[in-house]
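Below is one structure, written out as structure tokens; comments come after it.
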Amino acid sequence: NDSTEHKRFDRAWLDAQSPGRSWVYPDPSRTPSTKSVNIGVKHGPGETVRLLLNDAPLVTPNFAGSELSSNGQLAISRWRSVDIEDGQNRVSAIISDASGNEVERLNTELWYVENVTRARVIEADSEFIADGQTEPVIAVRFTDDGGRPVHAGRIVGVDIEPPHQLKTSGEVGIDRSLQDAGGVAVGPDGIAKVRLQPTLETGLATIRIELDNGRVERLRTYLKPKPRPWIVVGLAEVGAAQGAPLSDGSDGDGGVSSDG
């Protein structure tokens, strides 16, 4: 959660860290869910940090202060509610010593991805079951052309081709109500769960997705019957097991039976 991520990096966390300067949060590999982010930078005591966003200095009100470790050997400086732009954001942390001399510059990129231009099925997070009771769930990851995930909360238009149908319900909840309207909400890591009506129709299921570059993407998956446990039945020839002779079709006197 972007709004509470900074709470994990408290003094107890700082006390467990090794000396050195580094970017702490947010994780540059993850797409922020909003265009307002919190930023943390680890550095030495007595040092100051100045942030540049897209080569422009951040305004003072964003600075939330610095905190020292218990032994006074490390510090973390924090910024709150820093507004970023769509797409690429270049962030530089300029670290200076007590005399004001620059000692290190940390550079990173934050990407805010709004537009969906690619989609693919994530099999590990899906349930391709067609048993007439279970809701098939198809997990789809939405990204930009660079493979960066779309931000959480983004709504993407989807549909399912016959004979299958999207799951609709009167249940309260953002995922369900949005899907009733033909859209799904993207969650963490750009993944949305597309839920289908329970079905006995196995075979090809096709999802139709409206991308922001004007293309229509069709993702095809296969629904399978629910695996059933094997039942092993043992057949024992009781008579043979007890050493009794097997019948050869003759009667008790050794004659061949006949109908007349």
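Heavy-atom basis, side chains included; hydrogens, waters and symmetry copies ignored.
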To the nearest 0.5 Å, what is the distance between CG (Leu204) and OH (Tyr222)?
-> 5.0 Å
For Tyr112 and Ser33 the tightest heavy-atom approach is OH-O, 3.9 Å
Considering residues at least two apart in sequence or located in another chain, which fulfil the side chain to side chain contact (heavy atoms under 4.5 Å, CB included) criterion with Asp131?
-> Ile129, Gln133, Thr134, Lys226
Can you hop from Ile209 to Phe128 via hydrophobic side chains spaced under 4.5 Å?
-> yes
So, Arg30 and Glu5, do they make that salt bridge, N to O below 4.0 Å?
-> yes
Can you check whether Gly44's main-chain N or O pairs, donor with acceptor, with Arg21's side chain at less than 3.5 Å?
-> no
Are Val49 and Leu14 in one and the same hydrophobic cluster, where Ile, Leu, Val, Met, Phe, Trp and Tyr link if side-chain heavy atoms are under 4.5 Å apart?
-> no
How about Arg80: does its CZ atom have over 12 heavy atoms from other parts shown lying under 6.0 Å from it?
-> no
For the pair Asp125 and Lys193, find out whether any cationic side-chain nitrogen is under 4.0 Å from an anionic carboxylate oxygen.
-> no
Locate the shortest heavy-atom distance separating Ala192 from Ala185; write the atom from each residue and the value.
-> CB-O, 3.6 Å
So, the side chain of Thr34 versus the backbone of Ser36: is there a donor-acceptor pair under 3.5 Å, distance only?
-> yes
Exam field: side chain Asn89 to backbone Glu85, donor-acceptor pair closer than 3.5 Å | yes
Measuring from Ser92:OG to Asn107:CG, what's the distance to the nearest 0.5 Å?
-> 4.0 Å
Residues Thr117, Asn115; criterion side chain to side chain donor-acceptor pair (under 3.5 Å); working and verdict | CA-CA 6 Å; Thr117 54; Asn115 291 330; over 6 Å; no
Do you know which of Val37, Val82, Leu53 makes side-chain contact (heavy atoms from CB on, under 4.5 Å) with Leu110?
-> Val37
At what distance, to the nearest 0.5 angstrom, does CD of Glu135 lie from CZ of Arg195?
-> 6.0 Å
Is a side-chain N or O of Lys42 found less than 3.5 angstrom from the main chain of Gly20, in a donor-acceptor match?
-> yes
If you measure from CD1 on Ile138 to CD1 on Ile122, what distance do you get to the nearest 0.5 Å?
-> 12.5 Å
So do Leu196 and Leu166 actually touch side chain to side chain, heavy atoms under 4.5 Å?
-> yes
Distance (rounded to the nearest 0.5 Å) between Leu58 CG and Leu52 CG | 7.5 Å
Is Glu123 atom CD crowded by more than 12 heavy atoms from other residues, nucleotides or ligands, each under 6.0 Å away?
-> no
Short question: side chain of Arg118, backbone of Asp145 - any donor-acceptor pair under 3.5 Å?
-> yes
Ser81 backbone acceptor or donor facing Asn62 side chain under 3.5 Å = yes
Atom CG in Leu211, atom CZ in Phe142: separation rounded to 0.5 Å?
-> 8.0 Å
Can a salt bridge be assigned to the pair Arg208 and Glu161 using a cut-off of 4.0 Å between side-chain N and carboxylate O?
-> no
Taken in chain and number order and not counting sequence neighbours, the residues that satisfy ring-ring contact (aromatic ring centres under 6.0 Å, His included) with His164 are none
Does CZ in Arg50 sit with more than 12 non-hydrogen atoms of other residues, nucleotides or ligands closer than 6.0 Å?
-> no
Closest heavy-atom pair, Arg141 versus Gly147, reported as atoms and distance to 0.1 Å, is NH1-O, 3.9 Å
Check the pair Leu106 / Thr108 against side chain to side chain contact (heavy atoms under 4.5 Å, CB included), numbers first and verdict last.
-> CA-CA 7 Å; Leu106 306 175; Thr108 192; over 6 Å; no
With side chain to side chain contact (heavy atoms under 4.5 Å, CB included) as the test, would you mind laying out the steps for Asp55 and Arg90 before giving the verdict?
-> CA-CA 7 Å; Asp55 302 322; Arg90 300 180 307 280; 2.8 Å; yes
Are the side chains of Ile94 and Arg105 in touch, meaning some heavy atoms are under 4.5 Å apart?
-> yes
Could you walk me through whether Asn38 and Trp79 pass side chain to side chain contact (heavy atoms under 4.5 Å, CB included), step by step?
-> CA-CA 6 Å; Asn38 299 317; Trp79 289 258; over 6 Å; no
Give a yes or no on whether Ile160 and Val186 share a hydrophobic cluster (residues Ile, Leu, Val, Met, Phe, Trp, Tyr; joining criterion: side-chain heavy atoms under 4.5 Å apart).
-> yes
What side-chain donor-acceptor pairs closer than 3.5 Å can you find for residues 65-72, not counting sequence neighbours?
unit_1, atom_1, unit_2, atom_2, d
Ser66, OG, Ser77, OG, 2.6
Glu67, OE1, Arg78, NH2, 3.2
Ser69, OG, Asn71, OD1, 2.7
Ser69, OG, Gly72, N, 3.4
Ser69, OG, Gln73, N, 3.2
Ser69, OG, Leu74, N, 3.1
Ser69, OG, Leu74, O, 3.4
Ser70, OG, Asp15, OD1, 3.3
Ser70, OG, Asp15, OD2, 2.7
Asn71, OD1, Gln73, N, 2.9

Kindly determine whether Arg11 and Ile76 satisfy side chain to side chain contact (heavy atoms under 4.5 Å, CB included), including the steps that lead there.
-> CA-CA 9 Å; Arg11 177 169 288 177; Ile76 183 170; over 6 Å; no
Grab the two heavy atoms, one from Glu201 and one from Thr199, that are nearest each other, plus how far apart they are.
-> N-OG1, 2.8 Å
Consider only side-chain heavy atoms of I, L, V, M, F, W and Y, link residues closer than 4.5 Å, and tell whether Val116 and Ile191 are in one cluster.
-> no
Looking at side-chain heavy atoms only, is the closest gap between Val113 and His151 below 4.5 Å?
-> no
Report the relative orientation of the aromatic rings in Tyr25 and His6; use parallel for angles under 30°, tilted for 30 to 60°, perpendicular for over 60°.
-> tilted
Taking all heavy atoms of Pro149 and all of Thr31, pick out the closest pair and write down the distance.
-> O-OG1, 2.6 Å
Shared ILVMFWY cluster between Val137 and Val121, side chains joined below 4.5 angstrom?
-> no
